[in-house]
Amino acid sequence: MFQETIKEAGLNPYLFQMTNIRDQNSWVHMHEPAAATEKAKDLVRMAVAAARNLDPLQRQKIKMINKALVIGGGISGLNTALAFGEQGFKTYLVERETELGGYARNIFTTIEGNNVQKYLTDLIEKVKSNANIHVFTKTMIKSIEGYVGNFKTTVVQNPSGKESDFEHGIVIVATGSKEYQPKEYMFGEDPRVILQSHFEKLLHTDIDQLKQKKTIVMIQCVGSRNEEHPYCSRVCCVEAIKNALKMKETNPNSNIIILYRDIRTYGFKELYYRQAREKGVLFIQYEKEKQPRIEKNKDKLRVVVDNAKLGEISIDTDLVALSAGIVSQKGNEELAKILKVPLNDDNFYLEAHVKLRPVDFATEGIFLAGLAHSPKLIEDCIAQSLATVSRACTLLTLDTIESEGKISFVNSLRCTGCGLCISVCAYNAISINEEDGKAYINEILCKGCGACSATCRCSAIDVLGFTNQQINNMIFTKEY
Amino acid sequence: MTQVTPQSDLVIKSSDWEPKIIAFLCNWCSYAGADLTGVSRIQYPPNIRIVRVPCSGRISPYYILKSLQVGWDGLLVSGCHPGDCHYLTGNLIARRRFAVLKDLLTFMGIEPERVNFSWVSAAEGERFAKIVKKVVEQVKKVGPIRKMVKTL
Ligand SMILES: Cc1cc2nc3c(=O)[nH]c(=O)nc-3n(C[C@H](O)[C@H](O)[C@H](O)COP(=O)(O)OP(=O)(O)OC[C@H]3O[C@@H](n4cnc5c(N)ncnc54)[C@H](O)[C@@H]3O)c2cc1C
Ligand code: SF4
Ligand code: SF4
Ligand code: SF4
């Protein structure tokens, strides 16, 4: 407010220093007027000391290229690209496989009964026919240079090796993840042990074969919530119950037994869990330390499960469906390095802040959506994709972007190029200039936090608006 | 007032000695928290002098040493709660830096009571007042700073 007034008066708005005598003095020392007056004098003295070294600051303006790059052509990438395209933004969608669609090509219905394949075909059709969207398939990212507003990307097409370059202002990471391939439960050794996704496929394409199966055992948390993958994959309980209900619908006399650790049909999906129990699907709990075993028993498979209350139970079964979890995508490390964005301990992409910036990366202009971020159902991926589009549009709709006025700068005479400042900058704003070996701060990316300045052993970095000189002046008022 | 006799560094304290404490508050959380203390009219001792900084990560060990050297009796550095930093990780960097610095100060003979770090969010006016009270009491107990202050 004060700064606006200064600006209207035709002065540089940064020629302003405030001291807070009301909120931080008179209101908090209401019964000690003498001491409060002393404090007020000190505070004014400190503010004057800082004001002595105020500088007029300028905000840097750079142009914004109003185009988007979306990496990954699964449901999340397709939805983001389509939303950009429909709003008139030129969009490059880069998919490394031959086909668009991602993992959803293996899913037939949602638990609510929506037809995923039809949805996906329509979505792909809309994306392909949108004039603003340029789709690359069988294409890998080779390099991404630049920063928010001004990225330049090179992609390589397989197998031709043909390279293309384009410029864009923002990046969306929607590279998804993949299904865990079990090493446990005789998977791959016995054809009657299959993945839950395979079971879903049979339900929708080869129902006659399944009709002959009298007993089906499903095992939950395969490759999830263990030492290797400590997280819950979120989709597999819903998936198992979805398939159990479908199986019961086709053959009400089939025995379906789900061996679980906890059932995580979160939200209103809980109703389907109840429905499954009502329809006679059996749920038997096992503990992490006591995994079920599978043995061969003549022409059947025998599953042995240890339940805390019932003891050991043996089930002879015709088919075992493993609810394999979700694991991070191959190639995340390389892409994370190209973009200079972080991965979490489980190799999923890490957002800037869980609550405050849930779809942004810390680096400005780069966003994420879908399974690349964490396991989630299709509906959550769509919602997150649209959130990402909204965030990205706050930048894409601009003609120019402005830097903060109060940013840091390097005094290259003092800089030794040690790189310590780079490691503390959360915004990837600092790089070492290859020519002179000195640190260089990107004015657009820098937020002026000052972490680099406090870290530099050579005192080579200063923060405009909060300079070393100003803070020193304030500290030294004690001597007066 | 405090008098230091030149021969020994024996301190004569008169009963009305009041410490002066410099407080570095981050712009986004603690400074706003201190404002809220005022808006809520919560009272605390008038011994602190506030310096606004962008982030607790802005505070280099130099400022802390310098403050003690020029005669501030105590200091408080306060930032956002872990995980709430406006600049994502600035407060965590600050925490690591200060853990090391505090060991060094103790080694140098500076009473640990003088050097204080805390987290105060923009919504914690009450907490800010409590922390100031605690810091002022602690510094009062250890008396005026003399270890690093140049005296003639
Ligand atoms: C085992 C399993 C079971 C599931 N069951 C259900 C269910 O029952 N119900 C439900 O609603 N949801 C389910 N889901 C979740 C659902 O699949 C996803 O929510 C949905 O497919 C959204 O995916 P996405 O676009 O984020 O990622 P993906 O579908 O994984 O798409 C990512 C795309 O990016 C491409 N890609 C990756 N890296 C690169 C790169 N470096 N460069 C270029 N392209 C790249 C990939 O080839 C892929 O096409 C399940 C998921 C899994 C893994
Ligand atoms: S969703 Fe269910 S099966 Fe999947 S990891 Fe979580 S608890 Fe286990
Ligand atoms: S920490 Fe200082 S000396 Fe080291 S690279 Fe950064 S600016 Fe240069
Ligand atoms: S002030 Fe903060 S954002 Fe700017 S370069 Fe330094 S560490 Fe990075």
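Throughout, a chain's letter reflects where its sequence line sits, starting with A, and its residues are numbered from 1.
Using a 4.5 Å cut-off on side-chain heavy atoms (C-beta onward), B/Tyr62 and A/Asn472 make contact. Proximity of B/Ile50 to A/Met46: side-chain heavy atoms (C-beta onward) are nowhere separated by under 4.5 Å. Inter-residue side-chain proximity for A/Asp42 and B/Lys20 is flagged as met; some heavy-atom pair is nearer than 4.5 Å. Residues B/Arg97 and A/Thr455 form a side-chain contact, since some pair of their non-hydrogen atoms from C-beta on lies under 4.5 Å apart. In this structure, B/Arg52 and A/Thr19 have side chains that are not in contact, with every pair of non-hydrogen atoms separated by 4.5 Å or more. Contact of the A/Ser453 side chain with the B/Arg58 side chain is registered, since non-hydrogen atoms from C-beta on lie closer than 4.5 Å. Between A/Trp27 and B/Gln43 there is no side-chain heavy-atom pair separated by less than 4.5 Å. With a 4.5 Å cut-off on side-chain heavy atoms, A/Lys478 and B/Ile22 do not count as touching.
Proximity to chain B involves both the backbone and the side chain of A/Asn468, based on heavy atoms less than 4.5 angstrom apart. Within the 4.5 angstrom heavy-atom criterion, only side-chain atoms of A/Arg357, from C-beta onward, approach chain B. Heavy atoms of B/Ile48 lying under 4.5 Å from chain A belong to its backbone as well as its side chain. Looking at B/Pro61, the atoms closer than 4.5 Å to chain A (heavy atoms on both sides) all sit in the side chain, from C-beta outward.
When all heavy atoms of B/Cys55 and A/Cys449 are compared, the closest pair comes out as CB-O, 3.5 Å. For the pair B/Gly57 and A/Ala454, the tightest heavy-atom approach, listed with the atom from each and the gap, is O-CB, 3.2 Å. Between B/Ile93 and A/Ala451 the shortest heavy-atom distance is CD1-CB, 4.2 Å. What you find for B/Tyr87 and A/Tyr427 is that their closest heavy atoms are CA-OH, 3.1 Å.
Here the NE2 atom belonging to A/His29 is positioned 8.0 Å from the CG atom belonging to B/Asn47, to the nearest 0.5 angstrom. A distance of 12.0 Å separates OG of B/Ser60 from CD1 of A/Ile461, quoted to the nearest 0.5 Å. One distance of note links CE of A/Met474 with OH of B/Tyr63; it measures 11.0 Å at 0.5 Å rounding.
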Check your understanding: Can you check side chain to side chain contact (heavy atoms under 4.5 Å, CB included) on B/Asp35 and A/Gln24, steps first, answer last?
Key -> CA-CA 6 Å; B/Asp35 272 352; A/Gln24 293 176 0; 3.1 Å; yes
Check your understanding: How far apart are the C-alpha atoms of B/Val70 and A/Ile475, what are their side-chain angles, what is the distance that settles it, and do they pass the side chain to side chain contact (heavy atoms under 4.5 Å, CB included) test?
Key -> CA-CA 8 Å; B/Val70 301; A/Ile475 294 174; 3.8 Å; yes
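Taking chain A as the reference chain and counting heavy-atom pairs below 4.5 Å, the highest number among B/Ser67, B/Cys26, B/Ser40 is found for B/Ser67. With chain B as partner, the option from A/Met30, A/Glu32, A/Met18, A/Lys447 having the largest number of non-hydrogen pairs under 4.5 angstrom is A/Met30. The greatest number of non-hydrogen atom pairs below 4.5 Å with chain B, out of A/Asn25, A/Val424, A/Val354, is found for A/Val424. Highest contact tally toward chain A, considering only B/Val39, B/Leu75, B/Thr89, is held by B/Val39 [criterion: heavy-atom pairs under 4.5 Å]. Contacts with chain B were tallied for A/Leu356, A/Ile471, A/Val463; A/Ile471 has the most, counting heavy-atom pairs under 4.5 Å. Looking only at heavy-atom pairs under 4.5 Å with chain B, the residue among A/Gly448, A/Gly450, A/Ala35, A/Gly465 that has the most is A/Gly450.
When the shell of 6.0 Å around CZ of A/Arg457 is examined, it contains 12 or fewer heavy atoms from other residues, nucleotides or ligands. Annotation for B/Lys134: atom NZ does not count as buried by contact number, only 12 or fewer foreign heavy atoms lying within 6.0 Å.
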